[in-house]
S.K.: 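Handing you this structure, nothing more for now.
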Amino acid sequence: MKKIIYIAILFSGLANAQITPEFEIGAKGVFSGNLNLNSDESSAVSDFSDTQLLMGLRQKLYNNWRAQFVLGLQFPDANSNLGEVFYNNIFIRLEDQKNIVKLGRTLAKTNLNQFPTLRDDDAQQFTYALNPFSDGVNTERDQYANVLEYSHIFKQRLYVSLHGENFYDSMVPDDFRLNSIGASLMYKVPLSQRWNRNVIQEIGISYNNYFTDRLGYSNDFDASVKNLLFSTTLNLKPDPINFIDFRLQAIQNFGWKEVVTLNEYFDYTRTESTTVFGTFRFLKQKLERPNYQISIGGGYKSLPNLEVDSNQLIIIANSFYRIGESFDIGLQYRYTENTGFTESLFGKNEHRIQLAIVYSFSKIFNKQFGDREDLLNLEHNYLR
């Protein structure tokens, strides 16, 4: 009898061990000295925005599905009103081999590509479909939202997604109703096969429909701000040691025809605009690990419906060198120029020089699953 009880206790312990969740922790420290030279004034600041900590738990369910809980916190820009810490990721994800369901706060489908810039908001006005409910004070309001998203995966490479979001509304901050819906179609080479450097690494299209209030329109669709995004990443020289890639994203904001002047930031996000941004990058690898990279890119935004010719220009060049495991130093230069109504909102021009140190860390404990992506892939990565 004692032997039977002992065996039962042993198997009970094994069963409990099997349901212990997989635990992952990721961290990224981004520190830079910024020298800003613009048409109005100049400044030098110490910047650690976008530094963040991510934690995730994954659990096998009683079928072919598995669940993941992610909690992430980020230090926002110093001039934001988000406080000392912003919770950028708080979500549950359910997935099997071909389906993914996501519910909570995380990155919205306002961007389809990751460009090799120091921070993901270095070209914010050119690389994101902008939140028309935001007053523009915080860049995080364009990137993150409360998300309900479903994706189906065909042949492990083609992602078809339907998504609904609640974007932060500066006028009604306590309104948590869905105020945006959309769909996307994305072809992506799996992370485990990117070493093969296929010419086409990613290509996709996304549509976002924001349910805005528009005077004189009772139909929700006609009153909406609509954005269409196209993005691609091409390996121009798919060499395993020295290779060059090209990244491109275009955003068409169909906007409102009646917005012909920019009196405030809301007008800027709701008028018609066409944006194109692209980068060329050279990456040197040694022993299958990144050694250094050099990139140059630029973007242009045209706002054709305004009474005064208005457009925006950006040029970014940078170089990063890996001095240790996931430890990089870099130098980045950015130039922005605004004309017409955009000059009154953002200033005439600005030169920004940034000397940066970046450290990234990711570790999985009690590993149980193969990975589509790790925690750090939830966020911006310039060197990979």
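Because only heavy atoms are used, hydrogens play no part in the values below, and waters and symmetry mates are left out as well, while side chains stay in.
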S.K.: Can Lys348 and Glu337 be counted as an ion pair, charged N to O under 4.0 angstrom?
M.R.: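 Not counted as a salt bridge, because no side-chain N and carboxylate O are separated by less than 4.0 Å.
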
S.K.: If every non-hydrogen atom of Leu162 is compared with every non-hydrogen atom of Ala183, which pair is closest and at what distance?
M.R.: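 Nearest heavy atoms, Leu162 then Ala183: CD2-CB, 3.8 Å.
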
S.K.: Can you measure from NZ (Lys301) to CD (Gln125) and round to the nearest 0.5 angstrom?
M.R.: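 If I round to the nearest 0.5 Å, the distance is 6.0 Å.
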
S.K.: How close do Leu112 and Ser231 get, counting heavy atoms only, and between which atoms?
M.R.: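 Scanning both residues completely, I find the closest heavy atoms to be CB-CB, 3.6 Å.
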
S.K.: Report yes or no: do Thr342 and Gln312 form a side-chain donor-acceptor pair below 3.5 Å?
M.R.: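 Side-chain D/A pair, Thr342 to Gln312: absent.
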
S.K.: Kindly determine whether Phe115 and Phe277 satisfy ring pair (Phe, Tyr, Trp, His ring centres under 6.0 Å), including the steps that lead there.
M.R.: CA-CA 9 Å; Phe115 294 96; Phe277 186 85; 4.9 Å; yes

S.K.: In Å, rounded to the nearest 0.5 Å, how long is the span from CG of Asn349 to OH of Tyr335?
M.R.: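 So the CG of Asn349 and the OH of Tyr335 are separated by 4.5 Å.
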
S.K.: Given the rule in the side-chain hydrogen bond (donor to acceptor under 3.5 Å, both in side chains) test, do Gln249 and Asn113 qualify, once you have shown the distances and angles that lead to the verdict?
M.R.: CA-CA 7 Å; Gln249 183 167 269; Asn113 212 328; 5.7 Å; no

S.K.: Should we count CG of Asp239 as having more than 12 external heavy atoms under 6.0 Å?
M.R.: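 More than 12 within 6.0 Å, yes.
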
S.K.: Do Asn311 and Ser302 get their side chains close enough for a donor-acceptor pair, meaning under 3.5 Å?
M.R.: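 No, because no side-chain N or O of Asn311 sits under 3.5 Å from a partner of the opposite role on Ser302.
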
S.K.: Does Lys257 have any salt bridge (Lys or Arg N to Asp or Glu O under 4.0 Å) partners at least two apart in sequence or in another chain, and if so, which?
M.R.: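 If we apply the salt bridge (Lys or Arg N to Asp or Glu O under 4.0 Å) test to Lys257, skipping adjacent residues, the hits are Glu272.
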
S.K.: List for me each residue that meets ring-ring contact (aromatic ring centres under 6.0 Å, His included) alongside Phe246, sequence neighbours excluded, and say none if there are none.
M.R.: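 Here the qualifying residues are Phe280.
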
S.K.: Taking all atoms of both residues into account, what is the closest heavy-atom pair of Gln332 and Leu118, and its distance?
M.R.: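 Between these two residues, the closest heavy atoms are OE1-N, 2.9 Å.
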
S.K.: Excluding sequence neighbours, so at least two apart, what forms salt bridge (Lys or Arg N to Asp or Glu O under 4.0 Å) with Glu140?
M.R.: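 Glu140 satisfies salt bridge (Lys or Arg N to Asp or Glu O under 4.0 Å) with no other residue.
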
S.K.: If you count heavy atoms of other groups shown closer than 6.0 angstrom to OH of Tyr87, is the number above 12?
M.R.: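 No, OH of Tyr87 has 12 or fewer neighbouring heavy atoms, counting only those of other groups under 6.0 Å.
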
S.K.: Quiz question: by atom type and distance under 3.5 Å, do the side chains of Asn227 and Tyr207 form a donor-acceptor pair?
M.R.: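 Tyr207 and Asn227 do not have a side-chain donor-acceptor pair below 3.5 Å.
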
S.K.: To the nearest 0.5 Å, how far apart are CG in Asn64 and CG in Asp96?
M.R.: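 The distance works out to 7.0 Å.
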
S.K.: Mind checking whether Leu103 and Phe91 have side chains closer than 4.5 Å, heavy atoms only?
M.R.: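 A side-chain contact is absent here, since even the closest heavy-atom pair is not under 4.5 Å.
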
S.K.: Mind checking salt bridge (Lys or Arg N to Asp or Glu O under 4.0 Å) for Asp175 and listing every partner two or more places apart, or none if nothing turns up?
M.R.: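 Expected list: Arg177.
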
S.K.: So, is the end of the Arg141 side chain (NZ or CZ) under 6.0 Å from the ring centre of Tyr168 and within 45° of the ring's axis?
M.R.: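 Cation-pi check for Arg141 and Tyr168: passes.
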
S.K.: At what distance, to the nearest 0.5 angstrom, does CZ of Phe86 lie from OH of Tyr144?
M.R.: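 It comes to 7.0 Å.
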
S.K.: Could you tell me which residues satisfy side chain to side chain donor-acceptor pair (under 3.5 Å) with Ser295, sequence neighbours excluded, listed by chain and number?
M.R.: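 Side chain to side chain donor-acceptor pair (under 3.5 Å) check on Ser295 returns Asn318.
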
S.K.: Any pair with a residue in residues 110-133 that passes salt bridge (Lys or Arg N to Asp or Glu O under 4.0 Å), sequence neighbours left out, goes on the list, sorted by first then second residue, please.
M.R.: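 Non-adjacent pairs meeting salt bridge (Lys or Arg N to Asp or Glu O under 4.0 Å): Asp47-Arg119.
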
S.K.: Any pair with a residue in residues 217-227 that passes salt bridge (Lys or Arg N to Asp or Glu O under 4.0 Å), sequence neighbours left out, goes on the list, sorted by first then second residue, please.
M.R.: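 Found none.
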
S.K.: Which heavy atom in Ile153 sits nearest to a heavy atom in Ile100, and how many Å separate them?
M.R.: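 For Ile153 and Ile100, the tightest heavy-atom pair comes out as CD1-CD1, 4.0 Å.
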
S.K.: Residues in ring-ring contact (aromatic ring centres under 6.0 Å, His included) with Phe266, at least two apart?
M.R.: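 Phe266 satisfies ring-ring contact (aromatic ring centres under 6.0 Å, His included) with no other residue.
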
S.K.: Report the distance from atom CD of Gln201 to atom OH of Tyr187, rounding to the nearest 0.5 Å.
M.R.: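 Going from the CD atom of Gln201 to the OH atom of Tyr187 covers 10.0 Å.
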
S.K.: Minimum heavy-atom separation for Pro304 and Ser273, please, with both atom names.
M.R.: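 Of all heavy-atom pairs spanning Pro304 and Ser273, the closest is CD-CA, 4.3 Å.
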
S.K.: Under the side chain to side chain donor-acceptor pair (under 3.5 Å) rule, collect the residues that match up with Asp142, sequence neighbours excluded.
M.R.: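 Asp142 satisfies side chain to side chain donor-acceptor pair (under 3.5 Å) with Gln124 only.
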
S.K.: Flag the pair Glu202 and Arg247 as a salt bridge only when some basic side-chain nitrogen lies within less than 4.0 angstrom of an acidic carboxylate oxygen.
M.R.: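 The answer is no: the pair does not qualify as a salt bridge.
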
S.K.: At what distance, to the nearest 0.5 angstrom, does CG of Leu158 lie from CE of Met186?
M.R.: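 Rounded to the nearest 0.5 Å, the CG-CE separation comes to 10.5 Å.
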
S.K.: Can you list, by chain and residue number, the hydrophobic cluster partners of Leu262 when the side-chain cut-off is 4.5 Å?
M.R.: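 The other cluster members (ILVMFWY side chains, heavy atoms under 4.5 Å, direct or chained) are Tyr128, Leu130, Tyr265, Tyr268, Leu303, Leu306, Val308, Phe341, Leu345, Phe346.
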
S.K.: If the test is ring pair (Phe, Tyr, Trp, His ring centres under 6.0 Å), which one of Phe167, Phe254, Trp256, Phe221 qualifies with Tyr210?
M.R.: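 Of all the options given, the one that passes is Phe167.
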
S.K.: Which residues satisfy the salt bridge (Lys or Arg N to Asp or Glu O under 4.0 Å) test with Glu264, sequence neighbours excluded?
M.R.: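 With neighbours one apart ignored, the set is empty.
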
S.K.: Does the side chain of Tyr159 reach to within under 4.5 Å of the side chain of Leu185, using non-hydrogen atoms?
M.R.: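 Heavy-atom side-chain distance check fails, nothing below 4.5 Å.
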
S.K.: Is the charged tip of Lys98 near the ring of Phe154: under 6.0 Å from the six-membered ring centre and within 45° of its axis?
M.R.: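 Lys98 over Phe154 ring: no.
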
S.K.: Report the C-alpha separation of Glu258 and Arg214 in whole Å, then their side-chain angles, then the decisive distance to 0.1 Å, and conclude whether the salt bridge (Lys or Arg N to Asp or Glu O under 4.0 Å) test is met.
M.R.: CA-CA 10 Å; Glu258 63 268 25; Arg214 188 178 184 184; 2.8 Å; yes

S.K.: Could you list all the salt bridge (Lys or Arg N to Asp or Glu O under 4.0 Å) pairs where at least one residue sits in residues 100-109, not counting sequence neighbours?
M.R.: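 Qualifying pairs, neighbours excluded: Lys109-Glu149.
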
S.K.: Please give me the minimum heavy-atom distance between Asn253 and Thr271, naming the atom from each residue.
M.R.: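 So the two residues come closest at ND2-O, 3.5 Å.
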
S.K.: Is a side-chain donor-acceptor pair under 3.5 Å present for Asn366 with Thr20?
M.R.: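 Looking only at side-chain atoms, Asn366 and Thr20 do not form any donor-acceptor pair under 3.5 Å.
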
S.K.: Should Glu95 and Arg66 be marked as a salt bridge (Lys or Arg N to Asp or Glu O under 4.0 Å) after you check the CA-CA gap, both sets of side-chain angles, and the distance that decides it?
M.R.: CA-CA 6 Å; Glu95 62 180 337; Arg66 63 191 185 194; 3.4 Å; yes

